[in-house]
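Below is one structure, written out as structure tokens; comments come after it.
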Number of protein chains: 2
Amino acid sequence: MRGMTVIDEDTTERRLTIGEAAEATGLSIDTLRYYEKAGLVLRAPDRSSSGQRRYGEADLRWIGTLVMLRRTGMPIRDMRRFVDLYGVDGSEPERLRILQEHREHVLQQLAEVQTHLTAIDRKIEYYEDTVMTK
Amino acid sequence: MRGMTVIDEDTTERRLTIGEAAEATGLSIDTLRYYEKAGLVLRAPDRSSSGQRRYGEADLRWIGTLVMLRRTGMPIRDMRRFVDLYGVDGSEPERLRILQEHREHVLQQLAEVQTHLTAIDRKIEYYEDTVMTK
DNA sequence: CAACACCCTGGAGCGCACTCCAGCGCAAGC
DNA sequence: GCTTGCGCTGGAGTGCGCTCCAGGGTGTTG
């Protein structure tokens, strides 16, 4: 049982304010609103009676997906295309294709950065030598 | 002898136009001029009698260093600080420190991207399953 | 009930890293 | 010798991804 997520521990789901959601996702409040405006969310979060956003589990999970795409370098524009497909029936193959292409892209970037990193390592070695022997 | 670089094969060094240098470094012509203006080059390239830039070996090697820093995510501002230290005697320890810090930073980024990449892989797996079994 | 923290909106502003442009000069090939 | 292409400059423009702001509402705490 350990490690399993207990669902519906409370009958009422914990709903976070935008500030709490920012805390939880690592995005800023402004960025959360910006992503919403930019059409990156599947469904806008519910609002309290006074019009304040309340983020539920599903909202946070989706924002997690956004963060994962964004932090691997996907431009907002492309994220948007991806999101939009969630409104299209049978678009799963295309969503898959986008993810696969993005994956390849990320791998290429990683490889390039790693190459440059070894060059940096060589330069560091060089400095370690000159600094030490001076 | 194989693999060794022959130096001074020609007595006159091959000096590239900005277009050729762009080709060689993977930067655009505009970016080369921009880097120069931004104070990222150790020494401005020589000019032809008519005032055109001519890039030599040393210029290209330094630009290679710039590319390696830039493509690993170092901001122009920080690159500039690094470059400026080349004019300061005894600044080797600080240059070393900057490179080491940058290295740590890059490693952290790599780790984060790799984490998100496995999340992407899981999502891809999920789609592969649903797409296949549909 | 006052003070303070938090939230709302539309829209402006910002920093970054280029990228493009006008208007010009030089030069190499046909 | 003229056309075509590359190069020059200073400066404006661009796209991106936020970030900030004014002006206002809400809500909780002492």
Side-chain angles (χ1 to χ4, degrees), chain A residues 14-41 44-56 59-60 63 65-83 102 105-106 109 112-113 116, chain B residues 14-41 44-56 59-60 63 65-83 102 105-106 109 112-113 116:
Chain A
R14 184 80 216 296
R15 322 209 111 238
L16 308 185
T17 66
I18 194 167
E20 292 165 335
E23 181 83 5
T25 60
L27 299 177
S28 73
I29 291 176
D30 276 318
T31 300
L32 281 172
R33 287 196 282 240
Y34 166 70
Y35 281 4
E36 191 182 327
K37 251 194 235 177
L40 297 188
V41 294
D46 294 342
R47 300 292 182 117
S48 74
S49 57
S50 66
Q52 296 191 358
R53 274 165 264 248
R54 290 295 122 99
Y55 292 81
D59 298 320
L60 295 179
I63 292 167
T65 302
L66 295 180
V67 168
M68 141 202 130
L69 293 175
R70 189 70 199 89
R71 303 251 66 202
T72 50
M74 187 183 281
I76 301 287
R77 186 181 348 107
D78 293 2
M79 287 167 65
R80 225 208 138 178
R81 265 187 235 124
F82 183 67
V83 175
H102 181 57
H105 193 84
V106 173
Q109 280 179 190
E112 202 205 327
V113 169
H116 289 308
Chain B
R14 186 78 217 293
R15 323 209 112 239
L16 308 185
T17 65
I18 195 168
E20 292 164 335
E23 181 83 5
T25 59
L27 299 177
S28 74
I29 290 175
D30 276 319
T31 300
L32 282 172
R33 287 195 282 238
Y34 167 69
Y35 280 6
E36 192 182 326
K37 251 193 236 178
L40 297 188
V41 294
D46 295 341
R47 299 294 182 119
S48 75
S49 57
S50 65
Q52 295 191 357
R53 273 166 266 249
R54 289 297 122 97
Y55 292 82
D59 298 321
L60 295 180
I63 292 166
T65 301
L66 295 180
V67 168
M68 141 200 130
L69 293 175
R70 189 71 201 87
R71 304 252 67 205
T72 49
M74 186 183 281
I76 300 289
R77 187 181 348 106
D78 294 2
M79 288 168 63
R80 217 195 148 190
R81 266 187 236 125
F82 183 67
V83 175
H102 181 58
H105 192 85
V106 172
Q109 280 178 190
E112 201 205 329
V113 169
H116 289 309

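Order of the sequence lines sets the chain letters (A, B, ...), proteins ahead of strands, with each chain counted from 1.
Across the protein-nucleic acid pair, Ile18(B) atom CD1 and dT19(C) atom P stand 13 Å apart, rounded to whole Å. Atom CE in Met79(B) sits roughly 13 Å away from atom C1' in dC18(C) (whole-Å rounding). Here dC16(D) presents its C1' atom at 16 Å from CZ of Arg80(A), a figure rounded to the nearest Å. One interatomic measurement links the two molecules: CD1 of Ile76(A) to C1' of dG15(D), which rounds to 12 Å at whole-angstrom precision. Computed from coordinates, the Tyr55(A) OH to dC7(C) P distance equals 10 Å when rounded to whole Å. As rounded to whole Å, 13 Å separates atom C1' of dC7(C) from atom CG of Leu32(A). Atoms CZ (Arg15(B)) and P (dG7(D)) sit 16 Å apart, rounded to a whole Å. Between the CD atom of Glu23(B) and the C1' atom of dG7(D) there is a distance of 16 Å, rounded to whole Å.
For the pair Thr17(A) and Gly73(B), both in contact range of DNA chain C, the more 5′-proximal nearest nucleotide belongs to Thr17(A). Each of Lys37(A) and Ser48(A) was matched to the nucleotide of DNA chain D holding its nearest heavy atom; the match closer to the 5' end belongs to Lys37(A).
Side-chain proximity of Arg77(B) to the nucleotides dT19(C), dC16(C), dC7(C) is greatest for dC16(C). Side chain of Ser50(A), nearest nucleotide from dC8(C), dT26(D), dG11(C): dT26(D). Comparing dC7(C), dG25(C), dT19(D) by their closest approach to the side chain of Gln52(B) singles out dG25(C). Comparing dC8(D), dC18(C), dG17(D) by their nearest atom to the side chain of Tyr35(B) picks out dC18(C). The side chain of Tyr34(B) approaches dC18(C) more closely than any other nucleotide in the set dG10(D), dC18(C), dT19(D).
Residue Arg54(A) qualifies as enclosed at atom CZ: its count of foreign heavy atoms under 6.0 Å is above 12.
Distances shown here put every side-chain N or O of Arg47(B) at or beyond 4.0 Å from the OP1 or OP2 atom of dG7(D). Taking only side-chain nitrogens and oxygens, Thr31(B) never comes nearer than 4.0 Å to OP1 or OP2 of dA17(C). The side chain of Arg53(A) contributes no N or O atom lying less than 4.0 Å from OP1 or OP2 of dC7(C).
Scanning both residues, Val41(A) and Leu66(A), for their nearest heavy atoms gives CG1-CD1, 4.5 Å. Here the closest heavy-atom approach between residue Val106(B) and residue Thr72(B) is recorded as CG2-O, 3.6 Å. Across all non-hydrogen atoms, the minimal contact from Ala21(A) to Leu60(A) is CB-CD2, 4.1 Å.
With Glu20(B) contributing its side chain and Thr17(B) its backbone, the two residues share a donor-acceptor pair below 3.5 Å.
Contact annotation for Arg33(A): base contact, defined as any heavy-atom pair under 4.0 Å involving a base atom. Residue contacts for Ser28(B): at a heavy-atom cut-off of 4.0 Å it reaches the sugar-phosphate backbone alone, with no base atom in range.
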